[in-house]
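Written out below as structure tokens is the structure these notes cover.
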Amino acid sequence: MFEIRIICDPAETDRVTTALNTAFAAGTARMYPTRDGKRARLYVTADHRPAPEPFPLPDVAYVLAPSIISEIGWTARTLATTECFNKLDRDYYLRKAALLDRIALLDEPDLFNDGDARETARAAAVMLLDTDRPRLAPHLAEQAEKDPRGYVRQQYTHRARCVCDDFGEGDCLTHPDPDH
């Protein structure tokens, strides 16, 4: 951990603190005027950003996933019951991308075949990434851009847990049958 001191124009403080938060794991900037009162002194406690964790392998990410057939049914029902021109929520795009990733994984033993399933899975993963991009730190977005399907697996792993007993958490991916 280290301390950074910056002297800058007061109008630049927001831009400077944003840049620091992008480059480092930075705490809250403390701001004081300089002795002449014309500039600002910023003090920030910072640390190097930890290296991003590797994306989970498919067998780990999808261990709790419902069957592919069940997810196809959920995707179709969701589309069928949504009024035209309504935006679907993030959960839909995550589950659709995970479904397409799982289908593409069935195609992957033939590594020389760049099939439609892989292209479709990648496109769905990029769609999810674009949905999440405004909330991602730049270094995490960069990692996800290199492997969009890995990003889907990571996000699915975070989402795929039993929520049957959590009030208001929505459908449970682990137990898609409400009478489990």
Side-chain angles (χ1 to χ4, degrees), residues 1-65 87-102 104-105 108 118-119 121-174:
M1 189 167 284
F2 50 91
E3 186 85 8
I4 300 172
R5 181 181 81 164
I6 298 173
I7 298 175
C8 63
D9 186 273
E12 296 289 314
T13 57
D14 287 340
R15 190 172 68 82
V16 169
T17 54
T18 300
L20 285 172
N21 286 326
T22 300
F24 301 103
T28 305
R30 299 172 311 280
M31 184 169 65
Y32 305 99
T34 56
R35 290 185 187 163
D36 62 9
K38 294 179 182 176
R39 294 176 292 168
R41 288 181 296 152
L42 297 176
Y43 294 90
V44 179
T45 302
D47 203 350
H48 298 285
R49 286 202 178 277
E53 291 187 26
F55 291 130
L57 297 173
D59 56 337
V60 173
Y62 301 129
V63 70
L64 297 176
K87 185 176 180 180
L88 295 163
D89 63 1
R90 180 188 185 275
D91 190 53
Y92 171 80
Y93 293 109
L94 172 59
R95 288 179 70 175
K96 178 183 173 185
L99 167 65
L100 292 171
D101 183 46
R102 291 170 64 201
L105 288 167
E108 289 187 354
R118 276 190 255 169
E119 290 175 27
R122 187 177 193 297
V126 169
M127 175 72 177
L128 177 68
L129 176 58
D130 288 344
T131 300
D132 291 352
R133 191 178 309 276
R135 295 183 304 275
L136 287 177
H139 71 288
L140 297 176
E142 184 180 314
Q143 179 194 22
E145 286 167 2
K146 292 177 184 173
D147 184 8
R149 289 175 59 194
Y151 176 72
V152 168
R153 294 173 194 143
Q154 176 196 54
Q155 295 303 302
Y156 194 85
T157 302
H158 293 311
R159 168 69 174 90
R161 61 179 181 80
C162 180
V163 294
C164 292
D165 296 330
D166 297 345
F167 180 73
E169 285 292 323
D171 295 336
C172 179
L173 293 177
T174 310

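Scope of the values below: all heavy atoms of this structure, side chains included, with no hydrogens, waters or symmetry mates.
- In terms of heavy atoms, D14 sits closest to T18 at O-OG1, 2.8 Å.
- With rounding to the nearest 0.5 angstrom, the CD atom of E142 is 7.0 Å from the CD atom of E145.
- The local environment of CZ in R41 is crowded, with over 12 non-hydrogen atoms from other residues, nucleotides or ligands closer than 6.0 Å.
- Dense packing is recorded around CD of E3, with more than 12 heavy atoms of other residues, nucleotides or ligands lying under 6.0 Å away.
- Shown are V60, L105, L57; of these, the side-chain contact (heavy atoms from CB on, under 4.5 Å) with R153 is made only by L105.
- Residue V16 forms a side-chain contact (heavy atoms from CB on, under 4.5 Å) with just one option from I4, D9, L42, V44, and that option is L42.
- Counted within 6.0 Å of CZ on R90, heavy atoms from surrounding residues, nucleotides or ligands total more than 12; the atom is thus considered enclosed.
- Heavy-atom minimum distance, R39 versus P10: CA-CD, 3.9 Å.
- L100 and A121 make their closest contact through O-CB, 3.5 Å (heavy atoms, listed as atom of the first residue, atom of the second, distance).
- The aromatic rings of F2 and H48 lie tilted to each other, with the angle between the two planes from 30° to 60°.
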>> Does V126 form a side chain to side chain contact (heavy atoms under 4.5 Å, CB included) with R122? I'd like the steps, not just the answer.
In response: CA-CA 6 Å; V126 169; R122 187 177 193 297; 3.4 Å; yes

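- A donor-acceptor pair shorter than 3.5 Å cannot be found between the side chains of Y32 and R30.
- A donor atom on one side chain and an acceptor atom on the other are not found under 3.5 Å apart for Y156 and D101.
- Annotation: side chain of R149 is not in contact with side chain of F55 (no heavy-atom distance under 4.5 Å).
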>> The test is side chain to side chain contact (heavy atoms under 4.5 Å, CB included); show your working for T131 and L94 and say whether it passes.
In response: CA-CA 10 Å; T131 300; L94 172 59; over 6 Å; no

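- Separation of atoms CZ (R95) and CG (L88) is listed at 12.5 Å; rounding is to 0.5 Å.
- Separating the OH atom in Y92 from the CG atom in L128 is a distance of 12.5 Å, to the nearest 0.5 Å.
- Note that CG of L129 is 9.5 Å distant from CD of Q155, once rounded to the nearest 0.5 Å.
- Here the closest heavy-atom approach between residue T13 and residue A40 is recorded as CG2-CB, 4.0 Å.
- Looking at every heavy atom in both residues, D132 comes nearest to Y151 through OD2-OH, 2.5 Å.
- Nearest approach of D130 to R133, heavy atoms of both residues: OD1-NH2, 2.9 Å.
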